[in-house]
J.: 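Before I ask anything, let me first share the structure, which is written out below as structure tokens.
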Amino acid sequence: LGPNAKSTCTVKVNQAVPAGGAVIALANTNATLTAPLTVSVPSGLAVASFSATTAGISSDQSATLTAAYNGSSASATIALVSPAVISSLVCNPAVLSPSATSNCSVSLSKNAPTGGAKVLLTASNSQLTAPASVNIAGESNSAAFNLQAGAFKSNQSGLVTASYNG
């Protein structure tokens, strides 16, 4: 389950609960996952559902939800997956002569999702030309691109920025 996500969880007892219903106690091992403390099973039924949600997730982790009723319990473990973020942007050479090219690489903190990751690129100086974006292939964590210097006449500086929203 990723950040700012919702999962529908189901609790099932082995037979229909009696008149008045049943209250199932829920325990959660990780505050990153928000779940109710109880879930009610209506009378005559054996199943109830509830939602578990996440906010931000800073690192990969897990949460175990345990449902307890009438002296018995069952648990489920939910993987909480942090998003990939930009971990590095490196250009070599870092100092360019007029009309020179630098080979750059942008990396994510973990592999891109299956469909890939589109990383947006910007250059702060009009004498630097970078592609508008670079795609990191799914299950890979980096991609290369070229940064081109213009035909400038005096020393200048510029900054290349990579951004990814996951």
Side-chain angles (χ1 to χ4, degrees), residues 1-92 103-124 130-147 159-166:
L1 195 59
N4 305 308
K6 176 180 170 181
S7 179
T8 300
C9 304
T10 302
V11 173
K12 182 177 181 182
V13 293
N14 63 353
Q15 62 186 20
V17 299
V23 176
I24 311 294
L26 300 173
N28 175 7
T29 62
N30 190 325
T32 302
L33 182 72
T34 302
L37 297 175
T38 62
V39 63
S40 295
V41 179
S43 93
L45 299 178
V47 176
S49 296
F50 64 94
S51 294
T53 60
T54 60
I57 300 173
S58 59
S59 63
D60 291 350
Q61 50 198 290
S62 65
T64 300
L65 292 177
T66 301
Y69 174 68
N70 210 18
S72 64
S73 65
S75 297
T77 300
I78 300 171
L80 306 176
V81 182
S82 65
V85 296
I86 301 288
S87 61
S88 71
L89 173 60
V90 178
C91 292
N92 189 16
N103 298 310
C104 302
S105 175
V106 61
S107 297
L108 296 175
S109 58
K110 59 173 53 177
N111 285 348
T114 303
K118 182 178 182 179
V119 176
L120 302 178
L121 302 169
T122 57
S124 66
S133 65
V134 63
N135 291 312
I136 298 178
E139 307 308 318
S140 178
N141 73 338
S142 65
F145 65 94
N146 288 327
L147 180 66
L159 180 67
V160 178
T161 303
S163 60
Y164 174 64
N165 290 332

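Computed from a prediction, not measured in an experiment: that's the story for all the values here.
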J.: Sequence neighbours excluded, which residues qualify as side-chain contact (heavy atoms from CB on, under 4.5 Å) partners of Ser109?
T.: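 Here the qualifying residues are Ala84, Val85, Ser87.
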J.: What salt bridge (Lys or Arg N to Asp or Glu O under 4.0 Å) pairs are there with at least one residue in residues 75-92, not counting sequence neighbours?
T.: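 Matches after skipping sequence neighbours: none remain.
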J.: Quick check: does any side chain N or O of Asn28 sit under 3.5 Å from a backbone N or O of Leu33, one acting as donor and the other as acceptor?
T.: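 Present.
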J.: For Ser140, give me all partners under side-chain contact (heavy atoms from CB on, under 4.5 Å), at least two apart in sequence or on another chain.
T.: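 side-chain contact (heavy atoms from CB on, under 4.5 Å) list for Ser140, sorted by chain: Ile136, Ala137.
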J.: Test of understanding: with side chain to side chain donor-acceptor pair (under 3.5 Å), list the residues that count as partners of Thr64, not counting sequence neighbours.
T.: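 With sequence neighbours excluded, Thr64 shows a side chain to side chain donor-acceptor pair (under 3.5 Å) to Thr77, given in chain and number order.
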J.: Considering residues at least two apart in sequence or located in another chain, which fulfil the side chain to side chain donor-acceptor pair (under 3.5 Å) criterion with Thr66?
T.: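 By the side chain to side chain donor-acceptor pair (under 3.5 Å) rule, Thr66 matches Ser75.
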J.: With distance as the sole test, does Thr54 use its side chain to make a donor-acceptor pair with the main-chain N or O of Gly2 at under 3.5 Å?
T.: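 Side chain of Thr54 to backbone of Gly2, a donor-acceptor pair under 3.5 Å: yes, one is there.
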J.: List the residues meeting side chain to side chain donor-acceptor pair (under 3.5 Å) with Asn30, not counting sequence neighbours, and say none if there are none.
T.: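 Applying side chain to side chain donor-acceptor pair (under 3.5 Å) to Asn30 gives Thr32, Gln61.
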J.: The criterion is disulfide (SG to SG under 2.5 Å); which residues satisfy it with Cys9, sequence neighbours excluded?
T.: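 Partners of Cys9 by the disulfide (SG to SG under 2.5 Å) criterion come out as none, since no residue qualifies.
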J.: Which pairs, with at least one residue in residues 15-24 and sequence neighbours excluded, count as a salt bridge (Lys or Arg N to Asp or Glu O under 4.0 Å)?
T.: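 Residue pairs with at least one partner in residues 15-24: there are none.
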J.: With sequence neighbours excluded, give me every salt bridge (Lys or Arg N to Asp or Glu O under 4.0 Å) pair touching residues 38-49.
T.: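 Salt bridge (Lys or Arg N to Asp or Glu O under 4.0 Å) check on residues 38-49 returns no pairs.
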J.: Mind checking what makes side-chain contact (heavy atoms from CB on, under 4.5 Å) contact with Leu37, not counting sequence neighbours?
T.: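 Per chain and number, Leu37 pairs via side-chain contact (heavy atoms from CB on, under 4.5 Å) with no residue.
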J.: Suppose the criterion is salt bridge (Lys or Arg N to Asp or Glu O under 4.0 Å): which pairs have a residue in residues 67-80, not counting sequence neighbours?
T.: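 The answer is none; no pair qualifies.
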J.: Tell me, please, which residues at least two apart from Lys110 pass salt bridge (Lys or Arg N to Asp or Glu O under 4.0 Å).
T.: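 Per chain and number, Lys110 pairs via salt bridge (Lys or Arg N to Asp or Glu O under 4.0 Å) with Asp60.
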